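First the structure, in the form of structure tokens, and then the observations on it.
All chains are named by letter (A, B, ...) in the order of the sequence lines, taking the proteins before the strands, and each is independently numbered beginning at 1. Quick caveat, the model's predicted, so the values are computed rather than measured.
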Amino acid sequence: AQTVTQSQPEMSVQEAETVTLSCTYDTSESDYYLFWYKQPPSRQMILVIRQEAYKQQNATENRFSVNFQKAAKSFSLKISDSQLGDAAMYFCAYRPLYIIQGAQKLVFGQGTRLTINP
Amino acid sequence: DGGITQSPKYLFRKEGQNVTLSCEQNLNHDAMYWYRQDPGQGLRLIYYSQIVNDFQKGDIAEGYSVSREKKESFPLTVTSAQKNPTAFYLCASTKLTSGENTGELFFGEGSRLTVL
């Protein structure tokens, strides 16, 4: 079964600094999606960034970027120039590409709580 | 605007009462999901549905029931058999058709159920 592991239950960073959240996953599939979701205190789940496994180029969305290492099954999220509004719970998630592989379900990690210190 | 609407946002019920949480989407998504989240915890899958009139149990289905009579709607009933129903409940949906599928789940704003 596919699993997603976030080994850092909590992280903190100074405002304007850079922080990296770790995520590893286990799968035997070669085609899949990886995601980082943000859950602020409002508890709304917000998609931060998406990576397709067939793309070698790391995804980037403004201050958010990933380091996708397919062979190592690692998918870390880097937040540059951290802002107070980045404080949230961050979830890493995996989803196979095809339904026959279980694409109807996302597998979530346990989350990392990020605190931004002013 | 397209999106997922959950209601009510907050719900208080007495122990032993059944409660139904509403989830409606106008995104023309195929699959819909219910997750439970306890304080400081991750998301646990309760039920999901890929198509109308069909649904599958997730990891923690005991004490819950669902229906999918319409593509847009996937209500969740928390029954009196659920031992610890106080939690935050999130509904989500996604496209399954290849070519239109960007992969991610879209989430509603959640419903907070408190059983007194």
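Residues Y37(A) and L105(B) have side chains in contact (heavy-atom distance under 4.5 Å, counting atoms from C-beta outward). Taking the side chain as every heavy atom from C-beta outward, L43(B) and M45(A) approach each other to under 4.5 Å. In this structure, the side chains of K105(A) and Y48(B) come closer than 4.5 Å at one or more pairs of heavy atoms.
Counting non-hydrogen atoms of neighbouring residues, nucleotides and ligands closer than 6.0 angstrom, the CD1 atom of I51(B) reaches no more than 12 such neighbours. Annotation: N62(A), atom CG; neighbour count of heavy atoms from other residues, nucleotides and ligands within 6.0 Å does not exceed 12. For R112(B), the CZ atom is densely surrounded, since the number of other residues' heavy atoms within 6.0 Å is greater than 12. K71(B) NZ: more than 12 foreign heavy atoms inside a 6.0 Å radius.
Using a 4.5 Å cut-off between heavy atoms, Q39(A) contacts chain B through its side chain alone, with no backbone atom that close. Both the backbone and the side chain of Q37(B) come within less than 4.5 Å of a heavy atom in chain A. For chain A, the nearby part of Q50(B) is the side chain; its heavy atoms alone come within less than 4.5 Å. Of the atoms belonging to R44(B), not a single heavy atom falls under 4.5 Å from chain A.
By the rule that hydrophobic residues join a cluster once side-chain heavy atoms approach within less than 4.5 Å of another member, Y64(B) and F74(B) end up as members of one cluster. Linking Ile, Leu, Val, Met, Phe, Trp and Tyr whenever their side-chain heavy atoms come within less than 4.5 Å puts F64(A) and V66(A) in one cluster. Hydrophobic clustering (ILVMFWY, side-chain heavy atoms < 4.5 Å, transitive): I4(B) and L106(A) are in distinct clusters.
Nearest heavy-atom pair across D38(B) and R43(A) is O-NH2, 4.4 Å. Residues K95(B) and R95(A) come closest through the heavy atom pair O-NH2, 3.5 Å.
Rounded to the nearest 0.5 angstrom, F107(B) CZ and L47(A) CG are separated by 9.5 Å.
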